Amino acid sequence: LDLVAGLVTVCGRTGAGEVRREFLAHACHPVIAVRISGAPAVGFRLRLERSADPDCRLEAWTEPAACGFRGRFSEGLSFAVEVRLHLPGGGRCRPLPEGGLEVEAAPEAVILLAAAVSPEGGDPAPECRKGFEGVPAGWPELLRTHREEHGRRYGRVGLELAGRDFSERPTPERLRFLANGHEDNDLYALFFNYGRYLLIASSWDAELPANLQGKWNPLPAPPWECDYHFDINIQMNYWLAEAGN
């Protein structure tokens with residue numbers, strides 16, 4: 001996770017070479033963007049899934065370069081999720097009979113994901129599709145606009161604490177090192193910046209406050225239900241806001 005860029009990068013090796021995956025939740029547009037690249041090319045299958053839930057009825061669909069689903073809970077809440085696939089350098093993409101997409105021989109693939117919820121029980125699909133409006137399909141422009149907007153907020157504060165630099169070590173190793181009584185002042189600065197990153201990501205435009213789970217929740221039934229406890233918890237989330245500018 002690059003806190004300054006607001007970018008996650010995962011690299012790995014296959015028999016054909018290195019594969020690189022980059023992820024960002026765009027700072028200007030309501031989409032999650034993913035870039036998959038590798039040499040000489042990448043191939044993969046892409047499908048959207050949701051945990052089985054007897055109270056939620058899903059309707060999946062697939063088109064030549066897009067797929068998604070609509071969901072409706074028994075009490076009336078509905079939602080929509082859509083993925084659009086772009087192959088800027090060429091390659092092949094085809095819909096799969098079982099749903100989803102298969103990509104072959106692509107130097108790179110850019111995946112855009114948008115989601116919308118309709119709390120009044122209407123159709124959320126139009127709102128979901130609206131999330132793609134004005135979003136550049138090319139990764140360089142996606143990354144540039146995201147970094148500029150993210151950096152405008154993240155770059156307001158800098159914190160440097162004197163001491164030896166262990167930033168090349170993995171964070172779990174640094175935590176063990178600190179727990180064993182060694183000094184790593186820069187880890188405190190990293191923790192400070194991680195808190196700023198989480199609050200910026202969770203409460204970007206202040207439309208809603210950060211909930212108790214935060215922005216990045218992968219679970220249908222998360223701890224604290226991703227809700228608001230109107231006690232000290234909400235205030236604690238914002239103790240950092242003014243000090244962190």
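In this text the structure is predicted, and so the values were computed from the model without any measurement. Numbers here simply count residues along the sequence, with the first being 1.
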Taking atom [atom1] as the centre, does [X] end up with more than 12 heavy-atom neighbours from other residues, nucleotides or ligands that are less than 6.0 angstrom away?
X: Tyr238; atom1: OH; result: yes
X: Phe73; atom1: CZ; result: yes
X: Trp61; atom1: CH2; result: yes
X: Arg57; atom1: CZ; result: no
X: Arg174; atom1: CZ; result: yes
X: Arg21; atom1: CZ; result: no
X: Glu242; atom1: CD; result: no
X: Glu160; atom1: CD; result: no

For residues His29 and Thr145, is any side-chain donor paired with an opposing acceptor at under 3.5 Å?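 No donor-acceptor contact under 3.5 Å links the two side chains.
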Report yes if some heavy atom in the side chain of [X] is under 4.5 Å from a heavy atom in the side chain of [Y]; otherwise report no.
X: Val135; Y: Leu112; answer: yes
X: Leu113; Y: Glu82; answer: no
X: Phe23; Y: Thr9; answer: no
X: Ser37; Y: Trp139; answer: no
X: Cys226; Y: Asn211; answer: yes
X: Glu59; Y: Phe69; answer: no
X: Leu24; Y: Leu143; answer: yes
X: Leu46; Y: Val103; answer: no

Joint hydrophobic cluster, [X] plus [Y], side-chain heavy atoms closer than 4.5 Å:
X: Leu3; Y: Val10; result: yes
X: Ile234; Y: Trp224; result: no
X: Leu198; Y: Phe191; result: no
X: Val110; Y: Val8; result: no
X: Leu161; Y: Leu175; result: yes

Indicate the atoms forming the closest heavy-atom contact of [X] with [Y], along with that distance.
X: Ala114; Y: Cys128; answer: O-SG, 3.3 Å
X: Leu48; Y: Cys67; answer: CD1-O, 4.0 Å
X: Pro126; Y: Asp123; answer: CD-O, 3.3 Å
X: Leu85; Y: Ala109; answer: CD1-CB, 4.1 Å
X: Leu87; Y: Cys93; answer: CD1-CB, 4.0 Å
X: Leu101; Y: Pro95; answer: CD2-CA, 4.0 Å

For the [atom1] atom of [X] and the [atom2] atom of [Y], what is their distance to the nearest 0.5 Å?
X: Ser78; Y: Arg70; atom1: OG; atom2: CZ; answer: 10.0 Å
X: Asp186; Y: Phe166; atom1: CG; atom2: CZ; answer: 9.5 Å
X: Tyr197; Y: Asp2; atom1: OH; atom2: CG; answer: 9.5 Å
X: Leu7; Y: Leu1; atom1: CG; atom2: CG; answer: 8.5 Å
X: Asp55; Y: Arg72; atom1: CG; atom2: CZ; answer: 13.5 Å
X: Glu104; Y: Arg92; atom1: CD; atom2: CZ; answer: 5.0 Å

Can you tell me if [X] uses its side chain to pair, donor with acceptor, with the backbone of [Y] under 3.5 Å?
X: Thr62; Y: Gly99; value: no
X: Asn180; Y: Arg176; value: yes
X: Asn185; Y: Ala162; value: yes
X: His26; Y: Leu142; value: yes
X: Ser203; Y: Leu199; value: no
X: His146; Y: Gly6; value: yes

Carboxylate-amine/guanidinium proximity below 4.0 Å for [X] and [Y]:
X: Arg47; Y: Glu49; answer: yes
X: Glu108; Y: Arg35; answer: yes
X: Lys130; Y: Glu127; answer: yes
X: Arg84; Y: Glu63; answer: no
X: Asp184; Y: Arg169; answer: no
X: Glu133; Y: Arg129; answer: no
X: Arg152; Y: Glu148; answer: no

Report task. Applying salt bridge (charged side-chain N to carboxylate O under 4.0 Å, His left out), run through Glu141 and Arg144 and close with a yes or a no. Result -> CA-CA 5 Å; Glu141 186 66 8; Arg144 182 190 68 79; 2.6 Å; yes
Worked verdict on Leu178 versus Tyr188 for side-chain contact (heavy atoms from CB on, under 4.5 Å)
CA-CA 10 Å; Leu178 191 72; Tyr188 297 120; 3.9 Å; yes
| Parallel, tilted or perpendicular: which describes the rings of His150 and Tyr154, with under 30° parallel and over 60° perpendicular? |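 Because their plane-to-plane angle is under 30°, the rings of His150 and Tyr154 count as parallel.
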Checklist entry - Do Ile36 and Phe44 pass the side-chain contact (heavy atoms from CB on, under 4.5 Å) test, and can you show the C-alpha distance, the side-chain angles, and the key distance before you say yes or no? => result CA-CA 9 Å; Ile36 302 176; Phe44 57 89; 4.0 Å; yes
Exercise. Asn237 and Gln235: side-chain contact (heavy atoms from CB on, under 4.5 Å), yes or no, with the steps?
Worked result: CA-CA 5 Å; Asn237 279 341; Gln235 290 93 321; over 6 Å; no
side-chain contact (heavy atoms from CB on, under 4.5 Å) between Phe132 and Val31: does it pass, once the steps are laid out? CA-CA 7 Å; Phe132 296 106; Val31 296; 4.3 Å; yes
